[in-house]
Amino acid sequence: MKTRSSHGPATAAIPAADAPSIPVARLFDQRDILFLRSAPGYNPQMETGFRRRRCGVFRAYLRGLRAEFRVARIELGTLRVQSPKDYRQLASQVVRCRRRFAWAMIPANLCLWRYRWALGRSRLEPVVQRLDGLCGEMRRFVSELSEPRH
């Protein structure tokens with residue numbers, strides 16, 4: 001994963017690309033379960049283990065997103081200390097972005113729960129697209145703030 005460092009004293013790395021997480025969006029695809037069920041020697045324990053592993057991958061993806069937002073909060077905290085006037089102008093945008101991220105995590109966790117316990121279809125595509133969009137927005141926001149001002 002490519003990273004870039006900020007120009008300020010806080011040198012936390014933020015992923016550079018805004019590439020959509022297409023493989024993540026396909027994690028809960030029902031076709032994989034149907035294929036597994038058609039395999040010789042299939043038993044329900046195999047499906048349970050398969051679902052558990054896929055959920056572990058999705059949880060890792062969500063942890064990565066939370067970590068990315070944590071890095072952004074640290075960078076924004078540095079801005080608050082270094083340039084309180086600039087931060088005050090942007091504080092409402094920061095709060096709005098954090099709130100939108102928290103609200104986006106609710107359907108993500110709901111999809112995870114539904115898939116794990118086989119409680120109907122879990123469509124990850126819109127959830128992952130929304131989370132990727134928010135992360136891209138936060139990356140752009142932090143990179144704009146961390147650019148040196150003349």
Side-chain angles (χ1 to χ4, degrees), residues 1-8 10-80 86-87 89-147:
M1 177 182 288
K2 292 182 180 182
T3 59
R4 73 173 167 259
S5 296
S6 66
H7 297 287
T11 57
I14 297 177
D18 289 334
S21 299
I22 293 168
V24 173
R26 215 184 140 291
L27 270 175
F28 295 171
D29 193 338
Q30 190 63 24
R31 292 175 293 185
D32 295 333
I33 295 293
L34 295 174
F35 177 78
L36 180 65
R37 288 176 182 167
S38 70
Y42 166 81
N43 62 47
Q45 290 80 18
M46 292 170 67
E47 184 175 332
T48 300
F50 182 81
R51 287 179 184 275
R52 191 178 306 130
R53 287 187 298 277
R54 290 282 174 104
C55 288
V57 171
F58 190 63
R59 278 190 202 100
Y61 167 75
L62 294 178
R63 278 193 305 270
L65 292 179
R66 281 189 212 102
E68 190 172 330
F69 263 76
R70 212 172 304 120
V71 166
R73 280 198 339 244
I74 291 169
E75 294 230 359
L76 293 170
T78 302
L79 176 68
R80 183 174 54 213
D86 290 338
Y87 182 80
Q89 294 171 353
L90 302 167
S92 64
Q93 289 177 321
V94 171
V95 170
R96 191 176 315 118
C97 197
R98 288 177 67 183
R99 184 182 59 228
R100 288 175 52 212
F101 180 74
W103 278 106
M105 292 301 278
I106 293 169
N109 285 303
L110 182 61
C111 279
L112 178 69
W113 185 77
R114 288 182 67 193
Y115 180 79
R116 172 61 182 93
W117 300 107
L119 298 172
R121 270 185 73 114
S122 297
R123 289 193 53 235
L124 274 186
E125 294 88 7
V127 172
V128 170
Q129 287 174 353
R130 183 170 180 204
L131 289 170
D132 281 347
L134 287 169
C135 284
E137 184 180 321
M138 182 59 92
R139 282 185 213 114
R140 286 186 297 277
F141 187 57
V142 170
S143 67
E144 289 170 8
L145 293 176
S146 60
E147 289 175 1

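Although no hydrogens or angles enter the test, the distance criterion places no donor-acceptor pair under 3.5 Å between the side chain of Arg37 and the main chain of Tyr42. With hydrogens and angles ignored, the 3.5 Å screen pairs no side-chain donor or acceptor of Arg51 with any backbone N or O of Glu47.
Scanning all heavy atoms of the two residues, the minimum distance from Cys111 to Phe28 falls at O-CE1, 3.7 Å. Between Arg116 and Cys55, the shortest heavy-atom distance links the atoms CB-SG, 3.5 Å. Summarising the geometry of Leu134 relative to Ala104, their closest heavy-atom pair is CD1-CB, 3.6 Å, with the distance given to 0.1 Å. Pairing each heavy atom of Leu124 with each of Phe58, the nearest pair is CD2-CZ, 3.6 Å. Of all heavy-atom pairs spanning Cys97 and Glu137, the tightest one is SG-OE2, 4.3 Å. Minimum interatomic distance between Leu27 and Arg54 (heavy atoms only, all atoms of both residues): O-NH1, 2.7 Å.
Note that CZ of Phe101 is 5.5 Å distant from SG of Cys135, once rounded to the nearest 0.5 Å. Atom CG in Leu65 sits 11.5 Å away from atom CE in Met138 (nearest 0.5 Å). Here the CZ-CZ distance, from Phe35 to Arg31, works out to 12.5 Å after rounding to the nearest 0.5 Å. A distance of 6.5 Å separates CG of Leu131 from CE of Met105, quoted to the nearest 0.5 Å. Atoms CZ and CG, on Arg114 and Leu112 in that order, are 12.0 Å from each other to the nearest 0.5 Å. Within the model, atoms CH2 of Trp117 and OG1 of Thr48 stand 8.0 Å from one another, a figure rounded to the nearest 0.5 Å.
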Worksheet item: Are Gln30 and Ile33 close enough, and set up right, to give a side-chain contact (heavy atoms from CB on, under 4.5 Å), and what steps lead you there?
Response: CA-CA 5 Å; Gln30 190 63 24; Ile33 295 293; 3.8 Å; yes
Item to complete: Go through the steps to decide whether Asn109 and Leu62 satisfy the test side-chain contact (heavy atoms from CB on, under 4.5 Å), and finish with yes or no.
Response: CA-CA 9 Å; Asn109 285 303; Leu62 294 178; 3.8 Å; yes
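For Arg98 and Phe69, the positive end is not near the middle of the six-membered ring at less than 6.0 Å and at most 45° from its axis.
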